[in-house]
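As the structure is a computational prediction, the values presented were derived from the model and not from experiment. The figures that follow rest on heavy atoms only: side chains count, while hydrogens, waters and symmetry mates do not. Just follow the structure's listing: the first ligand is 1, and inside any ligand the first atom is 1.
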Amino acid sequence: MTEITSLSLFELIKNIKEKKISSNEVTKSFIDRSEKSKKLNAYVTENFENCLKLSKEFDYKPNFDLKLPGIPIAVKDLFCTNEVRTTAGSNILNNFVPSYESTVTQNIWNEGGILLGKLNCDEFAMGSSNETSFFGNVQNPIAKNLVPGGSSGGSSSALAANLTPITIGTDTGGSIRQPASFTGTVGLKPTYGSCSRYGIVAFASSLDQAGPMSKDVKDSSILLEVISSFDKKDSTSIDFQRNNYSSELTRNIKGIKIGIPKEYRVDGMPSEIENLWKKGIEYAKDCGAEIIDISLPHTSYALPTYYIVAPAEASSNLARYDGVKYGLRSSGESLIDMYEKTRSEGFGEEVKRRIMIGTYVLSSGYYDAYYLKAQKVRQLIKKDFDEAYNKVDAILTPSTPSSAFKIGEKSNDPVSMYLNDIFTVPVNLAGLPAISIPAGTDKNNYPLGLQIIGKPFDEQTVLNIAYSMEEKINYKNNITDWWMK
Ligand code: GLN
């Protein structure tokens with residue numbers, strides 16, 4: 001039999017329901033592999049003992065009607081987990097143990113999922129390579145010394161290395177889709193307001209959204225069905241009719257109109273990415289889709305807009321870490337001194353940079369010139385998509401402008417790091433759903449992803465297109481387990 005850890009979520013559920021394997025066996029397999037994979041540095045906090053205990057309890061009294069029956073799942077360390085340390089990858093929350101549970105994780109436990117551990121991420125989800133984490137960088141299982149993407153880099157690494165069957169990440173400007181693209185996995189950012197933000201450590205509140213990461217599209221549809229819910233505890237949560245994403249999943253996308261935005265053909269785009277995109281268009285046609293050229297004229301303003309809006313909101317959200325209410329407290333001679341020492345010792349470089357940019361663009365005299373202007377441009381970007389969606393049902397683009405880069409290659413050059421988000425941030429600014437699916441490799445055999453962007457609340461179409469293209473692409477990750485040798 002194939003190794004348990006390489007089974008898809010769908011197959012695991014099937015085997016558990018048919019009593020071919022127990023939850024405890026599944027849990028043991030993932031723990032065993034995780035124990036042997038410490039070199040990847042994917043975990044910040046392990047919950048192995050407790051997970052084993054809960055899996056035994058599940059087996060003793062199984063409930064096969066649940067959507068995730070006894071499935072062990074590791075999650076990004078940005079989701080607050082009751083009585084389990086939650087760090088957001090930061091020193092300032094190094095000793096933070098929440099007394100409440102995020103809605104998204106609660107939804108998972110309610111359906112039978114069991115917490116395997118908390119996965120590494122960029123500090124406060126700020127980054128594209130998982131190098132800003134206080135807990136050190138994460139290795140991409142694809143090859144040695146390669147970044148796994150960010151900020152959900154622990155999640156993408158653990159998933160691609162088969163340390164967890166599925167996982168969840170958060171995506172403020174690409175942090176689910178970009179790491180998925182870098183590790184040959186699937187990552188879906190739902191429409192803003194689909195998945196509750198309650199209990200997720202806030203980065204930029206108008207952009208943050210949780211979503212599934214999985215080995216294939218079907219698994220993402222199963223997980224989305226579990227995590228997407230209306231939640232009164234989140235004032236931005238939206239009450240709309242959610243689909244049964246997994247049972248409504250279909251490969252029949254005949255006649256669906258897919259837009260190709262010319263503005264995504266950016267200057268200096270590597271030919272590998274260009275070719276991947278061309279191939280993607282052919283795959284989509286093979287699936288029965290109709291391809292239509294479209295224009296999203298304000299695309300080039302998305303990145304600068306994002307890097308004003310996101311730091312502005314971050315600087316405000318992070319004001320709460322003052323040594324009084326949460327986590328770390330450094331000693332100081334006065335209250336102000338204590339605040340200053342706590343924040344300078346507790347936050348890393350990138351977070352400080354964002355706080356400074358954010359405070360600057362919000363300060364009087366600059367507010368109109370930067371923040372307000374950025375908000376206006378954000379509206380124009382949103383309008384571009386609205387207009388495009390009068391003509392098409394979805395949009396196809398590359399997920400990232402390159403494959404995974406080497407650890408350290410961009411860490412001293414924030415602008416080149418920010419450029420990584422060029423294809424993902426417009427989606428967050430407009431609040432849309434989008435998925436990244438593995439679609440090919442570059443010259444080094446590193447994975448490359450394609451992104452499918454949908455209409456608001458139309459995750460089903462996004463999933464259906466991804467599901468049919470996935471079958472045609474037939475991508476397989478080539479993981480050699482190098483870190484275990
Ligand atoms: N890489 C982007 C940033 O650093 C996006 C991060 C995210 O989506 N959380 O802000």
Side-chain angles (χ1 to χ4, degrees), residues 75-79 87-90 104 119-133 137-138 147-156 167-182 187-190 192 195 197 200-213 302-315 317-318 347-358 361 374 378 399-402 404-405 409-411 413-436 449 451:
V75 305
K76 184 178 187 178
D77 204 14
L78 207 72
F79 294 88
T87 69
S90 182
V104 161
L119 299 170
N120 211 333
C121 58
D122 277 304
E123 188 177 7
F124 287 100
M126 297 175 192
S128 305
S129 60
N130 215 118
E131 292 171 288
T132 73
S133 169
N137 55 257
V138 173
V147 304
S151 62
S152 314
S155 297
S156 63
T167 182
I168 43 172
T170 61
D171 191 312
T172 303
S175 281
I176 287 177
R177 291 159 287 156
Q178 185 256 19
S181 172
F182 279 14
L188 168 66
K189 182 204 95 75
Y192 183 79
C195 299
R197 288 186 301 109
I200 299 176
V201 176
F203 163 12
S205 306
S206 76
L207 301 159
D208 297 346
Q209 186 58 204
M213 299 174 78
L303 207 56
T305 302
Y306 172 84
Y307 277 99
I308 289 173
V309 173
E313 294 184 18
S315 72
N317 272 327
L318 270 54
F347 291 137
E349 293 270 299
E350 184 60 29
V351 172
K352 285 180 191 161
R353 177 166 25 246
R354 307 266 180 131
I355 292 175
M356 285 195 288
I357 296 171
V361 299
R378 182 176 183 177
S399 302
T400 54
S402 76
F405 43 89
E409 190 183 316
K410 295 183 198 267
S411 38
D413 183 355
V415 173
S416 107
M417 190 69 93
Y418 297 168
L419 278 168
N420 239 284
D421 305 330
I422 195 155
F423 300 139
T424 47
V425 295
V427 171
N428 300 72
L429 289 168
L432 303 171
I435 199 168
S436 174
Q451 172 175 245

N/O donor to acceptor pairs below 3.5 angstrom from side-chain atoms of residues 303-312, sequence neighbours left out:
from : atom 1 : to   : atom 2 : distance (Å)
T305 : OG1    : Y301 : O      : 2.5
Y307 : OH     : D421 : OD2    : 2.6

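A donor atom on one side chain and an acceptor atom on the other are not found under 3.5 Å apart for Q178 and T400. T170 and D208 share no donor-acceptor pair across their side chains, judged by distance under 3.5 Å alone.
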Just list the N/O pairs, ligand 1 to protein, that are under 3.5 Å apart, with the distance for each.
from     : atom 1 : to   : atom 2 : distance (Å)
ligand 1 : 1 (N)  : G127 : O      : 3.0
ligand 1 : 1 (N)  : S128 : OG     : 2.8
ligand 1 : 1 (N)  : D421 : OD1    : 3.2
ligand 1 : 1 (N)  : D421 : OD2    : 3.0
ligand 1 : 4 (O)  : G127 : N      : 2.9
ligand 1 : 4 (O)  : Y307 : OH     : 3.4
ligand 1 : 4 (O)  : R354 : NH1    : 3.4
ligand 1 : 4 (O)  : R354 : NH2    : 2.7
ligand 1 : 8 (O)  : T172 : N      : 2.7
ligand 1 : 8 (O)  : G173 : N      : 2.6
ligand 1 : 8 (O)  : G174 : N      : 3.2
ligand 1 : 8 (O)  : S175 : N      : 3.0
ligand 1 : 8 (O)  : S175 : OG     : 2.7
ligand 1 : 9 (N)  : A125 : O      : 2.8
ligand 1 : 9 (N)  : S151 : OG     : 3.4
ligand 1 : 9 (N)  : T172 : OG1    : 3.4
ligand 1 : 9 (N)  : S175 : OG     : 2.7
ligand 1 : 10 (O) : Y306 : OH     : 2.6
ligand 1 : 10 (O) : R354 : NH1    : 2.9

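Salt-bridge check for E350 with R354: passed, with a basic side-chain N closer than 4.0 Å to an acidic carboxylate O.
With sequence neighbours excluded, the residues that form a side-chain contact (heavy atoms from CB on, under 4.5 Å) with S416 are K410, D413. Shown here are the side-chain contact (heavy atoms from CB on, under 4.5 Å) partners of S175, two or more places apart in sequence or in another chain: K76, S151, S152.
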